[in-house]
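The structure appears below as structure tokens.
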Number of protein chains: 2
Amino acid sequence: MGTKADLNRQHIIDTADNLFYRQGFDHTSFSDIADAAGIARGNFYYYFKTKDDLLAAVLLSRNKAIKDMLDGWDKQMPDPRQRLNRYVQILTNCQHEIKEFGCPMGSLCTELAKLRHALQFNANDMFEIFRSWLREQFSLLGRRDDADQLALHLIARSQGIALVANTYQDAAFLEREVKELNRWIAQL
Amino acid sequence: MGTKADLNRQHIIDTADNLFYRQGFDHTSFSDIADAAGIARGNFYYYFKTKDDLLAAVLLSRNKAIKDMLDGWDKQMPDPRQRLNRYVQILTNCQHEIKEFGCPMGSLCTELAKLRHALQFNANDMFEIFRSWLREQFSLLGRRDDADQLALHLIARSQGIALVANTYQDAAFLEREVKELNRWIAQL
DNA sequence: GTCTATATACGGATAGAC
DNA sequence: GTCTATCCGTATATAGAC
């Protein structure tokens, strides 16, 4: 439904999503979100009962965005190898954000693990969507036996690159490692 | 100096270090540290003026521990390949902590980046100590031209493994990837 | 649906007795 | 050096007028 309330709700979710990414979940206050979204603090609770409710909504919103993106890739690209390279290309396309704030998925999962947050494992769904999609591509390449291991391997490689690029704020390192991953995909 | 005050100071540092690792820096309060260390909140400020001072002391303490460890390895093992494998073995030895809390260096750097903390780049020193030591080992293996790139590559691989092992709380994945890294070192 | 005002808890940090 | 008591800011969350 495209009612005004629904649009406001999604606007809050998008604003919170962005701030959670840039500042961390715990470190982002309702005031931060309210200010950035242009609404009053009090009105906030009309849409979300607690901060955890808001986090849950952000996670669902992210999951949908990831699924939509992968569906689009599937329609545009029939070749699994091309799809794998498109996955790796995220690192290049988002290199400025990654340099500043790391990976939105990895940094959030890391934080929720430390907080021992109730939604810690809900956040894994983001990775799971990528993982099953990657598994499918490796299967199509004939690697049915170790498709899942290859999927997790590629995710871990990407996460390591994002973490180091963020820590060192080094985009050149990121570019080098992306080329390395492209070579790895080519020789599978 | 081994005075009582110095011992207390180091005791606070060690307690804070452990809590920062398990709960995160921002999420750990003075009350948490005081309770865990068995001292009163007020007495805390006799040793450290601010929370940031305490973090700085924790970082220095970590740096010293890393240097001492690497010096020990250098004395025990003359072969650079053996040393590289010993580095990777940290993942296996610490798999339970990594599964629960991730890598102490990577998760702290990730958090400080989000907080835009003044000591964000001080925390990188931990990685820098490993990086220069790894660079030395790759140089000894005859890879003088790309020694630094190999060092960063290995650090990124390790970080990705720790992050995914923590996110999925999956020790089997960690073990598989460690074997992969051992193969990579063997065929350098 | 949106706002202001406020309850309540907890954070870092300080003062000062002992 | 160690403790208790406390200030002050900010956080989540709620109440209730409009």
Side-chain angles (χ1 to χ4, degrees), chain A residues 1-59 108 111-112 114-120 122, chain B residues 1-59 108 111-112 114-120 122:
Chain A
M1 299 172 280
T3 67
K4 193 184 172 194
D6 288 335
L7 287 173
N8 275 352
R9 197 185 133 90
Q10 190 60 42
H11 175 58
I12 293 172
I13 290 171
D14 292 342
T15 306
D17 190 351
N18 189 28
L19 286 173
F20 289 169
Y21 174 39
R22 300 194 307 186
Q23 308 184 346
F25 167 72
D26 201 52
H27 197 62
T28 298
S29 70
F30 282 155
S31 296
D32 292 337
I33 303 168
D35 289 351
I39 61 166
R41 269 190 301 283
N43 188 23
F44 212 90
Y45 290 86
Y46 174 75
Y47 293 99
F48 303 97
K49 282 191 254 302
T50 66
K51 198 181 180 184
D52 290 357
D53 279 352
L54 174 56
L55 175 59
V58 166
L59 291 178
L108 183 57
E111 181 181 2
L112 295 185
K114 295 245 185 267
L115 301 183
R116 305 229 156 253
H117 194 283
L119 296 176
Q120 174 183 358
N122 289 262
Chain B
M1 300 172 284
T3 68
K4 191 183 172 196
D6 287 335
L7 287 173
N8 274 351
R9 197 185 133 91
Q10 190 59 42
H11 176 57
I12 293 172
I13 290 172
D14 292 341
T15 305
D17 190 350
N18 190 28
L19 286 173
F20 289 169
Y21 173 40
R22 299 194 307 186
Q23 307 183 346
F25 167 73
D26 201 51
H27 197 64
T28 298
S29 69
F30 282 152
S31 297
D32 293 336
I33 303 168
D35 289 351
I39 60 165
R41 270 188 300 285
N43 189 22
F44 211 89
Y45 291 86
Y46 173 76
Y47 294 99
F48 303 97
K49 282 191 253 305
T50 66
K51 198 181 181 184
D52 289 357
D53 278 352
L54 175 55
L55 175 59
V58 166
L59 292 177
L108 182 57
E111 181 182 1
L112 295 184
K114 296 248 185 264
L115 301 182
R116 303 224 158 260
H117 195 282
L119 296 176
Q120 174 182 359
N122 290 260

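Throughout, protein chains are lettered first and strands after them, A, B, ... in sequence-line order, and every chain is numbered starting at 1. Just so you know, these numbers come straight off a predicted model, no measurement behind them.
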Qualifying salt bridge (charged side-chain N to carboxylate O under 4.0 Å, His left out) pairs with a residue from residues 21-46 of chain B, counting only residues at least two apart or across chains = none
Restricting both atoms to N or O, compile the protein contacts to nucleotides 10-13 of chain D shorter than 3.5 Å, with distance only.
| residue | atom | partner | partner atom | Å |
| --- | --- | --- | --- | --- |
| dT12(D) | OP1 | Lys51(A) | NZ | 3.3 |
| dT12(D) | OP2 | Phe30(A) | N | 2.9 |
| dA13(D) | OP2 | Lys51(A) | N | 3.0 |
| dA13(D) | N7 | Tyr45(A) | OH | 3.3 |

Considering non-hydrogen atoms only, spot the tightest contact between Ala57(B) and Phe48(B) and give its length.
-> CB-CE2, 3.7 Å
To the nearest 10°, let me know how far the axis at one end of the helix from dG1(C)-dC18(D) to dC18(C)-dG1(D) is tilted from the axis at the other, five pairs an end.
-> 10°
Partners of Tyr21(A) by side chain to side chain donor-acceptor pair (under 3.5 Å), sequence neighbours excluded?
-> none
Please produce a list of atom pairs where a protein N or O lies less than 3.5 Å from an N or O of nucleotides 16-18 of chain D.
none

Residues in side chain to side chain donor-acceptor pair (under 3.5 Å) with Asn8(A), at least two apart?
-> Tyr47(A)
Does the side chain of Leu59(B) come within less than 4.5 Å of Leu108(B)'s, by heavy atoms?
-> yes
Between atom CG in Asn43(B) and atom C1' in dC3(D), what is the gap in whole Å?
-> 7 Å
Residues two or more places apart in sequence or in another chain: which of them pass side chain to side chain donor-acceptor pair (under 3.5 Å) with Arg9(A)?
-> none
Distance in angstrom units between Ile33(B) CD1 and dG11(C) P, rounded | 11 Å
Qualifying residues under side chain to side chain donor-acceptor pair (under 3.5 Å), relative to Thr15(B), sequence neighbours excluded | none
Which residues pass the ring-ring contact (aromatic ring centres under 6.0 Å, His included) test with Phe25(A), sequence neighbours left out?
-> Phe20(A), His117(A)
Whole Å only: how far is the CZ atom of Phe44(A) from the P atom of dT14(D)?
-> 13 Å
What one should report as the nearest heavy-atom pair of Gln120(A) and Arg116(A) is OE1-CA, 4.3 Å
Applying ring-ring contact (aromatic ring centres under 6.0 Å, His included), name anything that partners Tyr46(A), two or more places apart in sequence or on another chain.
-> none
Could you tell me whether the phosphate oxygens of dT2(C), OP1 or OP2, come under 4.0 Å of any side-chain nitrogen or oxygen in Tyr47(A)?
-> yes
